[in-house]
Each structure stands twice: as C-alpha cells, then as structure tokens.
Q: 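Handing you this structure, nothing more for now.
Keep in mind that what you see is a predicted model, and the values were worked out from it rather than measured. Just so you know, these numbers use all the heavy atoms, side chains as well, and skip hydrogens, waters and symmetry mates. In listed order, ligands and their atoms are each counted from 1. In this chain, residues are counted from 1 in sequence order.
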Amino acid sequence: RPLISIRDLGKRYETRKGATVALDGIDLDIAEGEFVSVVGPSGCGKTTLLKILAGLEERTTGDALLGGTPITGPRNDIGIAFQGSVMLPWRRIIENVLLPVELNEKPTPAHRERAHALLALVGLGEFGDSYPNELSGGMQQRAAICRALVHDPSLLLLDEPFGALDALTRDQLNVQLNSVWEQSGKTALLITHSISEAVYLSQRVVVMSPRPGRIVDVIEVPFGRKRG
Ligand code: ADP
Ligand code: ADP
C-alpha cells in the first residue's frame with residue numbers, strides 16, 4: 001500500500017470575484033521512502049496540492065489518504081518547510097527546531113539530542129545556541145528543514161524551501177537535503193520551479209499544468225537514485 005494515495009482530487013476556490021479550479025482530477029500514489037518533486041508554471045496548483053496534503057486546506061472533491069487514513073486537518077506526523085519559513089527571532093535555533101515537539105509535549109533530552117543531530121547533519125552543529133539573526137538566510141532554511149524533521153514525521157512536505165536563495169547556495173543546500181533524505185528514510189514531496197533540482201533530488205517528477213491544475217506527466221528519473 002502506498003504511503004500517500006490521491007484519488008480524483010479536486011479543489012475549487014470560491015471568491016467574491018468568482019471561482020477558480022485550482023486542482024482537477026489529480027491521481028497520484030507515493031510509496032514509502034520515495035522522493036517525488038512537483039514542477040509546473042505558477043498557478044498550476046502545486047501549493048494547493050501541498051496544503052491539502054498538509055491538512056491546511058480542504059479538498060473539494062476526491063480523496064487524499066496518508067497511510068490509508070483521510071487527511072482531514074493538520075497532523076503531527078507530517079513535517080513542513082515552506083519558502084521563507086521563519087524562525088522565531090527571540091528563540092535560539094535549537095529552541096526553534098524543537099517547536100513542533102513542544103506543540104505536543106515538553107521536549108525530552110532525547111528530543112534535544114535528535115535536534116542537535118539534525119543540525120549537525122546540515123552543518124549547523126555549532127549554531128544550536130545562536131539566535132536566528134546571527135545566521136544567513138541559507139542557514140536558517142537549513143534549520144527549517146531540521147524543524148520539519150524533529151518530530152520524526154512520516155512525510156516531509158517542502159514548498160520551494162530554498163526558493164529565495166541564490167543558485168550556488170541552493171545547490172549546496174540541495175546536496176545537504178539529499179543526504180538528509182538518504183539518512184532519514186523519509187518520504188518527501190518537493191515543489192520546485194527548477195527541473196534540474198527536481199531531477200537531482202527525486203526519483204519521480206510530477207509535471208502539472210494550469211487552468212485547471214492537472215497532472216500532465218509523471219517522469220521516472222533515469223538512473224534515479226536509490227537510497228543507501
Ligand atoms: P507560488 O507560485 O510560488 O506558489 P503564488 O503567488 O501563486 O505563489 O501563491 C502564493 C499563495 O498565495 C498561494 O499558496 C495562496 O495561498 C495565495 N494565493 C494565490 N492566489 C490567490 C488568490 N487569487 N486569492 C487569494 N490567495 C491567493
Ligand atoms: P502554484 O503553487 O502552482 O503557483 P497555487 O496552488 O498557489 O498554484 O494556485 C492555483 C490556483 O488557485 C491559482 O489560479 C491561484 O490564483 C488560485 N488560488 C490559490 N490560492 C487561492 C485562494 N486562497 N483563494 C483563491 N484562489 C486561490
């Protein structure tokens with residue numbers, strides 16, 4: 001059974017100016033441990049799809065299942081990092097990373113160890129006690145990936161996590177994201193505007209087109225990476 005199962009998913013936004021069909025008849029299965037990217041022009045529904053999977057937006061029609069259970073609202077087995085994910089400026093990096101844990105329970109020493117290990121994995125081992133304004137934008141985005149993983153979610157959702165950064169920094173962060181994925185064993189879904197990024201990171205690339213948002217192609221990456 002796939003970890004994520006999307007069947008005939010549709011989303012209509014109703015506004016005072018009229019209705020927009022953001023998603024129409026989306027079908028997609030994602031296996032446990034897979035890394036899938038979604039590409040397509042602005043307005044093709046990428047963010048809407050991710051928001052529905054994150055439980056942050058309601059679907060209009062169809063089904064979106066995680067582990068066989070319908071996604072009906074935010075849940076703590078999903079980790080999310082969006083473009084320009086913000087760190088709370090008055091909290092140290094380690095305390096920012098621990099936020100998703102804190103929403104459910106008081107962080108234990110084991111949680112702190114995990115947070116430190118994740119920071120070390122993305123080259124921020126020395127920065128747990130720093131404040132966000134002491135870090136560059138790229139470093140903060142790396143910390144945001146750690147925050148998305150700290151509560152050991154079964155699914156990682158990434159919406160242009162490095163979108164605001166320059167190309168060289170992005171390349172470096174993608175190398176790190178790749179090793180995080182290889183070591184964590186997580187299932188990941190990434191929105192990106194960059195085909196090369198999608199091909200580098202993922203095993204399958206979902207191509208969408210707008211008006212209405214549909215999947216027009218699913219490309220198996222040749223010589224696609226396998227974990228390990
Ligand atoms: P991107 O192309 O990077 O996803 P957009 O500018 O298309 O960015 O949209 C960013 C967010 O703004 C969307 O996820 C959505 O929540 C909101 N948004 C986009 N279009 C509208 C709209 N017509 N009305 C209200 N909110 C919108
Ligand atoms: P993408 O992420 O691919 O840019 P979005 O999912 O943000 O696409 O948007 C898909 C379509 O839905 C666009 O036409 C956008 O304007 C519209 N849309 C997105 N969010 C909203 C919203 N909150 N209210 C109304 N329309 C929206």
Side-chain angles (χ1 to χ4, degrees), residues 3-30 34-66 70-75 78-86 137-138 140-141 144-145 147-148 153 155-167 169-170 173-174 177 181 186-221:
L3 181 70
I4 297 179
S5 190
I6 300 167
R7 285 289 170 276
D8 198 25
L9 184 69
K11 174 66 185 180
R12 243 172 102 88
Y13 289 106
E14 309 279 356
T15 65
R16 278 180 299 136
K17 283 188 253 168
T20 304
V21 179
L23 296 174
D24 182 42
I26 301 292
D27 286 303
L28 184 67
D29 283 342
I30 300 178
E34 223 186 341
F35 196 128
V36 174
S37 292
V38 183
V39 300
S42 215
C44 69
K46 305 182 293 297
T47 298
T48 299
L49 178 61
L50 227 72
K51 282 184 177 166
I52 290 173
L53 293 176
L56 300 173
E57 191 75 75
E58 281 182 28
R59 60 195 164 65
T60 309
T61 56
D63 284 307
L65 309 179
L66 176 68
I71 299 167
T72 52
R75 37 197 295 168
I78 296 179
I80 311 169
F82 283 178
Q83 176 172 357
S85 292
V86 284
Q140 291 189 41
Q141 286 302 107
I145 303 273
R147 181 174 58 190
L155 173 65
L156 182 60
L157 298 175
L158 304 164
D159 190 349
E160 289 270 354
F162 310 137
L165 305 168
D166 66 89
T169 307
R170 280 177 80 130
L173 295 185
N174 281 328
L177 176 57
W181 175 77
K186 295 301 169 208
T187 309
L189 187 63
L190 168 80
I191 292 181
T192 176
H193 281 107
S194 162
I195 302 276
S196 61
E197 201 166 281
V199 167
Y200 171 68
L201 286 166
S202 39
Q203 295 158 322
R204 278 193 299 155
V205 181
V206 173
V207 184
M208 294 183 65
S209 78
R211 288 180 295 275
R214 284 192 177 135
I215 294 176
V216 290
D217 209 351
V218 179
I219 300 160
E220 301 269 346
V221 177

Q: Can you measure from CG (Asp29) to CG (Leu65) and round to the nearest 0.5 angstrom?
A: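 Output value for this atom pair is 9.0 Å.
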Q: Lys46 to ligand 2: N or O pair under 3.5 Å?
A: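 Looking only at distances, the answer is yes, because the N/O contact criterion of under 3.5 Å is met.
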Q: Would you mind running through ligand 2 and noting each atom that sits below 4.0 Å from a heavy atom of Thr20?
A: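 Answer, ordered by atom number: 12 (O), 14 (O).
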Q: Between Arg214 and Asp27, does at least one N-O distance fall below 4.0 Å, as a salt bridge requires?
A: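 No salt bridge links Arg214 with Asp27.
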Q: Show which atoms of ligand 2 fall inside a sub-4.0 Å distance from at least one heavy-atom site of Ser42.
A: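 Under 4.0 Å from Ser42, ligand 2 has these atoms: 4 (O).
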Q: Between the candidates Val21, Val38, Thr47, which shows the shortest non-hydrogen contact distance to atom 2 (O) of ligand 2?
A: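 Ranked by closest heavy atom to atom 2 (O) of ligand 2, first place is Thr47.
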Q: Please give me the minimum heavy-atom distance between Ser209 and Val216, naming the atom from each residue.
A: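 Of all heavy-atom pairs spanning Ser209 and Val216, the closest is OG-CG1, 3.4 Å.
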Q: For ligand 2, note which part of Ile191 has a heavy atom under 4.0 Å away: side chain, backbone, both or neither.
A: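 Ile191 to ligand 2: no contact under 4.0 Å from either part.
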Q: Say you draw a straight line from NZ of Lys186 to CG of Leu156; how long is it, rounded to the nearest 0.5 Å?
A: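 So the gap between those two atoms works out to 8.5 Å.
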Q: Using the salt bridge (charged side-chain N to carboxylate O under 4.0 Å, His left out) rule, pick out the option among Arg12, Lys17, Lys11 that qualifies with Glu14.
A: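 That would be Arg12.
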Q: Once you restrict to heavy atoms under 4.0 Å, what part of Thr48 touches ligand 2? Side chain, backbone, both or neither.
A: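 Both the backbone and the side chain of Thr48 come within reach of ligand 2.
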Q: Between the candidates Gly45, Ser209, Gly43, Ala22, which shows the shortest non-hydrogen contact distance to atom 13 (C) of ligand 2?
A: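 Answer by nearest heavy atom: Gly43.
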Q: Side chain of Glu160, backbone of His193: donor and acceptor closer than 3.5 Å?
A: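 It does hold such a pair.
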Q: Using a 3.5 Å distance criterion without hydrogens, assess whether the side chain of Thr61 forms a donor-acceptor pair with backbone atoms of Gly10.
A: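 It does hold such a pair.
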Q: Any heavy atom of Gly40 closer to ligand 2 than 4.0 angstrom?
A: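 Distance cut 4.0 Å: Gly40 fails for ligand 2.
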Q: What atoms of ligand 2 come within less than 4.0 Å of a heavy atom belonging to Thr15?
A: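 Listed by number with element: 25 (C).
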